[in-house]
Peer 1: 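First the structure, then my questions, so here it is.
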Amino acid sequence: MTARRAAAILALSPLLLLAHEGEPLQPDDLWTAWSFEPGVVIPLALTALLYRRGARPGRGVTTLQQACFWAGWTVLALSLVSPLHPLGEALFSAHMTQHEVLMLVAAPLLVLSRPLVPLLWGLPFGWRRALGQWSKTEYAQKTWQVVTRPFHAWWIHAVALWVWHAPFLFQATLSSEWVHSAQHLSFLFSALLFWWSLFYARERNYGAGVLYVFTTGVHTSILGALLAFAPTLWYPAYRGTTAAWGLTPLEDQQLGGLIMWVPAGVVYVAAGLGLFAAWMRESETMVQRSWYAE
Amino acid sequence: WALTRRHRGIEQEPLERIHLPSGETEHRLTRVVAGASILTVIILFALLIASVTTGKALSELGPKKQGITVEVTGNQWWWYVRYLNGDASRIVVTANEMHIPVGRPVMLRLNSNDVIHSFWTPNLHGKRDLIPGRVNTEWIEADHPGRWRGQCAEFCGMQHAHMAMWVIAEPEDQFERWMEAQRAPSKQPSSASELRGRDVFLNNACVFCHHIAGTPAAGQVAPDLTHVGSRLTLAAGTLPNTKGNLGGWIADPQNVKPGNHMAQIDLPPGDLEPLLDYLESLK
Amino acid sequence: MIRRRTLDVSGLPDIDVSSQEPIWWGQICLCCIEGAMFCILIACYFYFRLSLDMWPPPGTQLPHVAIPTVTLILAIVSCLGSYRASEGAKKNERGAMLRGLLLNLALGCAFLILRGYAWYTLNFNWASDVHGSTVWTILGLHTMDATADLLFTAVLIVALIFGRTGRSMRLAVHVDSVVWYFLVLIWIPLYIVIYWAPRFVGAPA
Amino acid sequence: MTPVTEPPLGEIDDEGERRALERSWRRRPGIAGWFTVTTHQALGKRYIVTAFVFLLIGGVEALFMRLQLARPDNPLIGPDKYNQLFTTHGTTMMFLFAVPMMEGMGVYLVPLMLGTRNVAFPRLNAFGYWMFLFGGIFLYAGFLTNTGPDAGWFAYTPLSGPQFSPGKRVDIWAQMITFTEISALCVATELIATILKMRAPGMSLTRIPMFCWSMLVQSFMVVFAMPAVMVASNIFLLLDRTVGTHFSNAAEGGDPLLYQHVFWFFGHPEVYIIFIPALGMVSSIVETHTRRAIFGYPAMVLSLVSTGFIGFGLWVHHMFATGLPQIGEAYFTAASMMIAVASGVQIFCWIATMWSGRVHMRTPMYFVLGFVFIFVLGGLTGVMLAAIPLDLQVHDTFFVVAHFHYVLIGGALFPLFGAFYHWFPKFTGRMMNDALGKINFWILFVGFNLTFFPMHILGLKGMTRRIYTYPAEMGWGPANALATVGACIILIGGIVFIANALASRVHGEIAGPDPWDGGTLEWAADSPPRNYNFVNLPVATSRYPMWTPPEERVVVTGVRHDRREALVTTLMDAEPPIWPFITALLLGLGLVGATFRFSWYYPAFGATGIGLIGWFWPRRPEGVRS
């Protein structure tokens, strides 16, 4: 079980290399602007390959989990290689869409598919054993337990979300590939951690999970609302690039804020309701098994 | 209601036992409820589309032609209206009344001097707030000549009820004539009574607040009176502009519009009449 | 005498110093209330910041960070006292409770004194401009909460010295430490917003 | 975890236990007992009665406003008094009637429905009641001395700021909010702890009565929404007014719009804070009077929760006219419409329940059907308001006034009257007169529609809200006159209700513990319940424990009766304490003193601390009772 985390880190870490072209994207080039950067494509392909190898029948991976994985993988891949990615350098709102898709669509789907065991199975035997042993060390165990406590994961995700929206950091992602990759990775991983802690962590509690999802939804929508209502430009780096897309820079910023606020909020509501339903179901099973709940 | 009637027959039965519908009934009900919910979603979605397209259409209706720009500033409880112009000498200032040309868009720049007001002429466009510290924009356009009453729609204090404004749409040439007339300085007194009235005005506290172009009166905190005689109403739509009403208003403003900020001036007997003559002459 | 089907609960424990106790839930609600309030204030801070071109507004110097950083460290260390006290409460050890609370109180007071000094040396006040209003409000509310909790800690110490060690005493000590954790935890983002945010998002946009 | 076994049959010394419980749960006699009572039945009843008194006062204020508007240019009430009237009316109805009333019902009913003896924090409960009462008295002390607030119930800055509202009027308003928000937060906190931790054994989440669910969701909304009004009224408004901060001062970088954002971040959830408990009441009434388990229980709970969630995202739709980003219109409209789906699911589920159940058309059901009718109309106008092009026309007009009265009176007051008729036997032990109840319903229903339906038309004809008079040539006279007639009919309805309640209290038919044959646990207690609610705490063997045959019901034994003990929470207060009253009194004095800057407000706040110490001073170790 504990080997999963190691596999996850290994499988996804080469995502670090997300490349950038020099010029902002123009509307005419939109549908041709696929970016097959090796730093993105190779780890994605590798992950798919490992999963394909590992998720063979008889290893307890349900069809639903497989479907979740492939859906999540596809969304992740599309958000990183499709024209959405270069568009994010021209439009803040597109960049925001990409982030929300990473955090609110790809991440929960991947978490729901519980991919770590199949991914581990996909590894060659020797690697698998080494990883398994490493993950059994006390240090690895402790770290994993600490970061997947829902309360901690909530904070990690919140800090990642707010800190990256500081103007100097966000704009740095437009000029440096490394910063950009770090941003995407921290969004993706903190989101994976967050959703994992809500669904599967040892200390998960569906009831508290509803509260965590609710509070996350509220603070992200406040951030979105701040962006949507700001009369000044947060990210002047987008000043010259939005006109080609028929938006003023301020409109682009408002749109980005609104995407973070309303559609993302809907996902949080749905997730909160899902957790709530799970909470009720769990409580019902418990009481079915005993005469009293306590 | 049909529902309740349906069950009235059953009510007579003895009802000791609790009614627990069969699984089949529950299943059927689930389908009905789910169907109704989905239908609700679809209807709401349709409404959403309708709302958004209407909104789009409205904003696309927007100024296609070259229009005029008017600055409207809210005050407790009157409207300051200023027709902007690149040439400072051609700026027109008036109050509580706005003339607009038919068929030309009028851009409004909305601002407030004190509290939040809201500009609303129901027949021309939706409302938009006037907020201190920021400038909101809005545009109106009249398709045909007419007069419309507008009113402050955001509660703004004691006399919120008496903060109305008339928007008068006129054909282009008529509008231009009106503008020219408004640009002119105030009319010189033409009779002894009017002359006396002007002196009454200038020698009293009136000048601290009101402005009359062409005279030393240069107050800025109350409506500009340069062409007060040409307006339809007094005190922001409170009274029709007649000599009698004007007299009542000056003699006891608190009686007409309690709480308003106009100072009460006790004129010696005999001063009021000339003052009214003078003000009425300011067409 | 009547006969009924029964469920005997006399074997359940009398006290459980943990999240099972309603009073713990009450405190969590209190923390949520306070947390929501601070969250709104942070949002207001950025709302004001984003509606102005210069931040802090011209004429205001940035607040110094050195002493507030020391206070932050003090606050974090003082949680050790709360931790020991609440562990003592769980195990029903009067000495551990007392020592933990004393440590918490001592470090907490030092924190407040330094906070007061840093506050005193700010070169703007609440009436300077909207930046001053917001920062003073955040500081004021947090100081008020911290002072209240430290007073409560002092009262608990007195009660312990007077020999009260019952179940409500243990619960009170536990709950007191939960509140102190919360106040320290919420101070971290507030500290970043007050002292660091103007440095990072302060340049003219 | 215990495996599934049949619970054993036990001998219960019913009379002996009753005597022991009577002893340990008795109230202090006399005046002292009045100030020290901490049982939830007594406090719940006080909340309900006090809030009802405020409903009457607010209603009379509304009547005066209607009389003033009955004809154009009416000289009856001047602008100053009129502005105070509508501000106090709105404030009273929101803060002194609707929220405390819902909370009072929760305080009274939740412990009974959960099968426990009291709320989790009885002293906090008492404290909350006193704060609410003092806040109400404070507001009306101001109103009666011509210092009633006059800036509208949402007191927009800068109108409510130091420059445009000098004097103490707005200070009184803002400080009154402090009182009531403290009270609301106290009740929310104790209900959350009660519902989460003090349920009867066996009451899993899927067995919690719908009303308790609604109170839980409402309490969480209070916890997260009330801090916003704290920021708006106590920080922005009061600090701007008293010490000269610049939150709403545009000249120093402040922004009057932020007040609106923060206020509506509270104000929109506030609507659901009022409305969600009413949904719970409707569910209770429907399931009892149709003799059928509520249809779609999980869907109902989830729609309550989603209403709670979404309620926090909709504040902007009160601010369409302030000039929001145009690009966001579709988003705001879509978000506003989402809430209609959640309400729709609830309504469909009730209809399904009635359809497949056996409806007993007693008075509570009349009120439920009236609620459905009115609320659907209010919901439709709500959907209309969510469409921005339309909203920009009817915003701040009588159309909006009509809309929110349909939603709030239809959505909360009608269920509440239904609830009074439904639970009156539980409160008093006697039934309310059913025939008179039906007459009462029809009077209220007709009066209500007559009052508020014409307001839709007035709004569409351009009549803005909060105007104390209007010129005759606008042609608004007849509809206004009609509305005033309707308001008088509502008054008659109110009188009929009071008469019915008073008469039934004395002469009504004796009800017995379970007059409606209800399914939930409050019907297991005596009517009216004793201070300890149940001799033997019940076990929830299903969602409707009272619908299982008596011989299959299970009760708890082994709880000590010689002190105030309840399950899970263990010990309650040893003696009814005076401290909550004293603390509330001192804090109240401090807040009032601060409003008028009397020199004694510092000592009063200091003394509050002493009151709190007395409150929280750990009691003697248990068992050593002198």
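In what follows, every chain begins at residue 1, and chains take the letters A, B, ... in the order their sequences are listed.
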Peer 1: If I measure from the heavy atoms of chain D, does I40(C) come under 4.5 Å with its side chain, its backbone, both, or neither?
Peer 2: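 Just the side chain, heavy atoms under 4.5 Å.
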Peer 1: Do the side chains of C44(C) and F247(D) get nearer than 4.5 Å, heavy atoms only?
Peer 2: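 They are not in contact (no side-chain heavy atoms under 4.5 Å apart), so the answer is no.
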Peer 1: For the residue pair Y47(C) and D255(D), what are the closest heavy atoms and their distance?
Peer 2: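 Nearest heavy atoms, Y47(C) then D255(D): OH-OD2, 3.0 Å.
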Peer 1: How long is the straight-line distance from CD1 of I138(C) back to CD1 of I235(D), given to the nearest 0.5 Å?
Peer 2: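 Going from CD1 on I235(D) over to CD1 on I138(C), the span is 9.0 Å.
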Peer 1: For S128(C), is it the side chain, the backbone, both, or neither that has a heavy atom closer than 4.5 Å to a heavy atom of chain D?
Peer 2: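 Only the backbone of S128(C) comes within 4.5 Å of chain D.
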Peer 1: Below 4.5 Å from any heavy atom of chain D, which atoms of F152(C) appear? Answer side chain, backbone, both or neither.
Peer 2: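 Looking at F152(C), just its side chain touches chain D.
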Peer 1: Taking all atoms of both residues into account, what is the closest heavy-atom pair of V130(C) and H246(D), and its distance?
Peer 2: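 It is CG2-O, 3.8 Å.
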Peer 1: What closest approach, in Å, do M37(C) and P227(D) show between heavy atoms, and which atom pair accounts for it?
Peer 2: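 Heavy atoms only, the tightest pair is N-CB, 3.8 Å.
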Peer 1: By a 4.5 Å heavy-atom criterion (distance strictly below it), what part of F220(D) contacts chain C: side chain, backbone, both, or neither?
Peer 2: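 Looking at F220(D), nothing touches chain C.
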Peer 1: If I compare all heavy atoms of I192(D) with all of C29(C), which pair ends up nearest, and what's the gap?
Peer 2: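 Heavy atoms of I192(D) and C29(C) come nearest at CD1-SG, 3.7 Å.
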Peer 1: Name the region of V262(D), side chain, backbone, both or neither, that has any atom closer than 4.5 Å to a heavy atom of chain C.
Peer 2: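 The side chain, not the backbone.
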Peer 1: Got a second to check how far M230(D)'s CE is from L41(C)'s CG, nearest 0.5 Å?
Peer 2: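 If I round to the nearest 0.5 Å, the distance is 9.5 Å.
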Peer 1: Under 4.5 Å, counting heavy-atom pairs only, tell me which of T189(D), V243(D), L258(D), L239(D) racks up the most with chain C.
Peer 2: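 Heavy-atom pairs under 4.5 Å are most numerous for L258(D).
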Peer 1: Within a radius of less than 6.0 Å around CZ of F605(D), do more than 12 heavy atoms belonging to other residues, nucleotides or ligands occur?
Peer 2: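 Yes, because the 6.0 Å sphere around CZ of F605(D) holds more than 12 heavy atoms from other groups.
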Peer 1: Specify which of C39(C), A127(C), P57(C), G35(C) makes the most heavy-atom pairs with chain D at under 4.5 Å.
Peer 2: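 Option with the top pair count is A127(C).
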Peer 1: Could you report the tightest heavy-atom contact between F48(C) and G253(D), atom names first, then the distance?
Peer 2: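 Closest pair (atom of F48(C), atom of G253(D), distance): CD2-O, 3.8 Å.
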Peer 1: When rounded to the nearest 0.5 angstrom, what distance separates CG in N234(D) from CG in L141(C)?
Peer 2: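 Here the interatomic distance stands at 9.5 Å.
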Peer 1: Relative to chain D, which segment of L151(C) carries a heavy atom at a distance below 4.5 Å: side chain, backbone, both, or neither?
Peer 2: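 It is neither, since no heavy atom gets under 4.5 Å.
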